[in-house]
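Here is the structure we will look at, set down as structure tokens.
Residue indices begin at 1 and follow the sequence shown.
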Amino acid sequence: MPVGTQGTIKGLTADQLEEIGCQIILGNTYHLALRPTSELIDELGGLHKFMNWPRALLTDSGGFQMVSLLHLADITEKGVTFQSPVDGKPMLLTPEESIQIQNKIGADIIMALDDVVKTTITGPRIEEAMHRTLRWIDRCIAAHKRPHDQNLFGIVQGGLDPVLRDICVRGLVDRNLPGYAIGGLAGGEDKDSFWRVVAQCTATLPEDKPRYVMGVGYPLDIVVCSALGADMYDCVYPTRTARFGTAIVPEGVLKLKHKAMAEDTRPIDPQCACMVCKNYTRAYIHSLVTKDAMGSQLLSFHNLYYMMQLSRNLHSSIVQGKFPEFVCNFLQKMFPKGDIPEWVCNAMEVAEIDISSCCAPFRYIQATKVQSNLNEDEIQAV
């Protein structure tokens with residue numbers, strides 16, 4: 001899901017988003033409630049009509065601002081009091097208020113208000129936030145006035161503590177919600193901890209309901225999480241990195257600001273079918289990036305096209321029973337020397353995806369050793 005925080009994907013029209021095959025985009029409850037206000041959106045027929053978007057919408061609860069605007073927030077059992085970055089006035093966001101605002105905005109999927117803390121924090125605050133998240137989900141369910149129009153997703157919290165994550169997962173599953181999100185990640189934790197939390201949660205969450213890893217947007221992370229059983233993702237990364245002059249390509253990223261791009265007449269990605277790669281050279285975009293709005297618009301279009309195509313290819317490979325082959329092809333392009341990060345090797349071992357054909361022998365053996373605890377003689381035999 002591309003992120004349209006205030007009802008817009010920066011630099012792109014609704015028609016362009018439809019053109020690249022986008023099925024659902026994300027808006028932010030906190031920001032939309034401030035401007036233009038949920039009351040105005042409701043009066044004008046809901047967010048779909050207001051922004052002229054005929055496809056699906058998801059709204060975040062506003063809880064993430066507990067982390068991103070922590071210096072402006074005060075968290076209690078009642079809710080979160082923010083100091084508005086617009087006019088400095090206090091704004092109390094309770095579970096009930098978050099749901100009421102989202103009912104007015106009218107997204108197809110709405111998120112429960114959760115108590116969010118960074119995964120890099122340790123101590124009793126993690127446990128406090130997890131239990132509060134479970135208490136708040138009941139308040140969200142009770143406040144939800146449009147259950148037949150809008151799907152309420154709960155959010156799994158618990159930091160990097162597997163015991164707390166398990167308590168939260170089981171508590172949310174007991175509520176029999178339409179879908180579930182894995183929250184609190186992509187906040188600076190190490191990658192080995194990241195994938196293990198995802199694997200633990202997806203293993204327990206129902207397979208017949210959406211499993212959404214919040215705030216995850218790097219292509220490699222999406223491929224790994226999909227192998228572990230996740231279904232949905234969102235992130236500002238494709239459009240934000242575009243505004244800094246960076247394009248996403250199968251090999252990783254291409255920095256269009258570099259001087260080497262100034263006379264490069266190739267497209268961003270010769271294999272890409274998007275209108276940017278069909279019509280513009282790297283040299284042209286280099287002349288625009290960070291100087292003209294057109295540069296970030298073209299790169300945003302390409303980056304979102306890439307992410308949509310990646311998602312479609314992931315989906316079709318699963319349906320066709322060719323997902324392991326897809327993973328290997330993806331990793332070979334990104335890591336042609338076979339130097340795949342150890343955390344990826346470990347995650348694929350748990351997901352039972354054989355990547356030995358695209359992984360440097362030593363690295364793959366090390367991952368196998370970590371997972372199966374082979375002794376040194378057995379490793380030598382391998």
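- Here the side chains of Phe326 and Leu314 are in contact, with some heavy-atom distance below 4.5 Å.
- Rounding to the nearest 0.5 Å gives a distance of 8.0 Å between CZ of Arg211 and CD1 of Ile182.
- Counting non-hydrogen atoms of other residues, nucleotides and ligands closer than 6.0 Å to CD of Glu77 gives a total above 12.
- The shortest heavy-atom contact between Ile105 and Ser38 is CG1-CB, 4.2 Å.
- Listed by first and then second residue, the side-chain hydrogen bond (donor to acceptor under 3.5 Å, both in side chains) pairs involving residues 272-289 are Asp264-Arg282 (not counting sequence neighbours).
- With sequence neighbours excluded, no residue forms a side-chain hydrogen bond (donor to acceptor under 3.5 Å, both in side chains) with Glu97.
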Under the criterion side chain to side chain contact (heavy atoms under 4.5 Å, CB included), I'd like the reasoning laid out for Ile222 against Val213: C-alpha separation, chi angles, the key distance, then a yes or no. CA-CA 9 Å; Ile222 287 175; Val213 186; over 6 Å; no
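- The local environment of CZ in Arg240 is sparse, with at most 12 non-hydrogen atoms from other residues, nucleotides or ligands closer than 6.0 Å.
- The environment of NZ in Lys291 is crowded: more than 12 heavy-atom neighbours from other residues, nucleotides or ligands sit within 6.0 Å.
- For Glu352, there are no salt bridge (Lys or Arg N to Asp or Glu O under 4.0 Å) partners at least two apart in sequence or on another chain.
- Between Arg170 and Asp166 there is a salt bridge, with a side-chain nitrogen of the basic residue lying less than 4.0 Å from a carboxylate oxygen of the acidic one.
- Side-chain contact annotation: Ser98 with Gln102, donor-acceptor N/O pair under 3.5 Å present.
- Under the salt bridge (Lys or Arg N to Asp or Glu O under 4.0 Å) criterion, Arg139 pairs with Glu96, not counting sequence neighbours.
- Rounded to the nearest 0.5 Å, atoms CD (Gln297) and CD (Gln16) are 7.5 Å apart.
- Between Asp269 and His302, the side chains place no donor N or O within less than 3.5 Å of an acceptor N or O (distance only, hydrogens not considered).
- At a threshold of 4.5 Å between non-hydrogen side-chain atoms, the residues Thr246 and Leu299 do not count as touching.
- Heavy-atom minimum distance, Asp114 versus Ser61: OD1-OG, 3.9 Å.
- To the nearest 0.5 Å, atom OH of residue Tyr305 and atom CG of residue Leu17 are 14.0 Å apart.
- Nearest heavy-atom pair, Val173 versus Pro206, reported as atom, atom and distance to 0.1 Å: CG2-CD, 3.8 Å.
- Taking Thr29 as the reference, nothing meets the side-chain hydrogen bond (donor to acceptor under 3.5 Å, both in side chains) condition, with sequence neighbours excluded.
- Sorted by first and then second residue, the pairs that involve residues 216-237 and meet side-chain hydrogen bond (donor to acceptor under 3.5 Å, both in side chains), not counting sequence neighbours, are Lys191-Asp221, Tyr212-Asp234, Ser226-Tyr233.
- Side-chain contact of Gln157 with Asp115: a donor-acceptor pair under 3.5 Å is absent, judged by distance alone.
- Pairing each heavy atom of Cys235 with each of Gly217, the nearest pair is CB-CA, 3.3 Å.
- Counting heavy atoms from C-beta on, the side chains of Ile340 and Cys358 come closer than 4.5 Å.
- Here the CG atom belonging to Asn52 is positioned 11.0 Å from the CG atom belonging to Leu47, to the nearest 0.5 angstrom.
- Val3 and Leu12 are assigned to two separate hydrophobic clusters, defined by single-linkage of ILVMFWY side chains at heavy-atom distances under 4.5 Å.
- Cys328 and Asp354 make their closest contact through SG-O, 3.4 Å (heavy atoms, listed as atom of the first residue, atom of the second, distance).
- Although no hydrogens or angles enter the test, the distance criterion places no donor-acceptor pair under 3.5 Å between the side chain of Trp343 and the main chain of Asn346.
- The salt bridge (Lys or Arg N to Asp or Glu O under 4.0 Å) check on Glu18 picks up Arg55, with sequence neighbours excluded.
- In terms of hydrophobic clustering, with Ile, Leu, Val, Met, Phe, Trp and Tyr side chains grouped at heavy-atom distances under 4.5 Å, Val289 and Met275 are assigned to a common cluster.
- Residues Leu304 and Cys22 fail the side-chain proximity criterion, which asks for heavy atoms closer than 4.5 Å.
- Listed for the Thr204 side chain is no donor-acceptor partner under 3.5 Å among the backbone atoms of Cys201.
- Side chains of Lys322 and Asn313: no donor on one and acceptor on the other come within 3.5 Å.
- Tyr306 and Val327 end up in the same hydrophobic cluster when Ile, Leu, Val, Met, Phe, Trp and Tyr side chains are linked at under 4.5 Å.
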Kindly indicate, with the supporting measurements, whether the criterion side chain to side chain contact (heavy atoms under 4.5 Å, CB included) is fulfilled by Val197 and Glu189. CA-CA 11 Å; Val197 169; Glu189 72 280 354; over 6 Å; no
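- The side-chain heavy atoms of Arg165 and Val156, taken from C-beta on, include a pair separated by under 4.5 Å.
- The same ILVMFWY cluster, assembled from side-chain heavy atoms under 4.5 Å apart, contains both Met307 and Leu331.
- Residues satisfying the side-chain hydrogen bond (donor to acceptor under 3.5 Å, both in side chains) criterion with Ser193, sequence neighbours excluded, are Asp190.
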List the steps and the verdict of side chain to side chain contact (heavy atoms under 4.5 Å, CB included) for Leu205 and Val169. CA-CA 7 Å; Leu205 291 169; Val169 167; 3.9 Å; yes
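- Shown here for Cys168 and Thr133, the closest heavy-atom pair between the two residues is SG-CG2, 4.5 Å.
- Val198 is not listed as a side-chain neighbour of Val216, based on a closest heavy-atom distance of 4.5 Å or more.
- With sequence neighbours excluded, no residue satisfies side-chain hydrogen bond (donor to acceptor under 3.5 Å, both in side chains) with Arg35.
- Under a hydrophobic clustering in which Ile, Leu, Val, Met, Phe, Trp and Tyr are joined whenever their side-chain heavy atoms come within less than 4.5 Å, directly or via other members, Met214 and Leu93 fall into different clusters.
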Donor-acceptor list for residues 253-263 side chains, cut-off 3.5 Å, not counting sequence neighbours:
none

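- At a threshold of 4.5 Å between non-hydrogen side-chain atoms, the residues Ile109 and Ile24 count as touching.
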Does the side chain to side chain contact (heavy atoms under 4.5 Å, CB included) test come out yes or no for Asp138 and Arg175, once each step is laid out? CA-CA 8 Å; Asp138 292 324; Arg175 270 79 172 178; 2.8 Å; yes
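- A 4.5 Å side-chain heavy-atom check between Leu58 and Met111 finds at least one atom pair inside the cut-off.
- Legend: residues meeting salt bridge (Lys or Arg N to Asp or Glu O under 4.0 Å) with Lys104, ordered by chain and number and at least two apart, are Glu39.
- With 3.5 Å as the limit, one finds no donor-acceptor pair spanning the side chains of Asp15 and Thr13.
- Rounding to the nearest 0.5 angstrom, the gap separating the CZ atom in Phe194 from the OG1 atom in Thr119 is 10.0 Å.
- Rounding to the nearest 0.5 angstrom, the gap separating the CD1 atom in Ile355 from the CD atom in Glu349 is 8.5 Å.
- Within the structure, ring pair (Phe, Tyr, Trp, His ring centres under 6.0 Å) pairs that include any residue of residues 151-188 do not occur (at least two apart or interchain).
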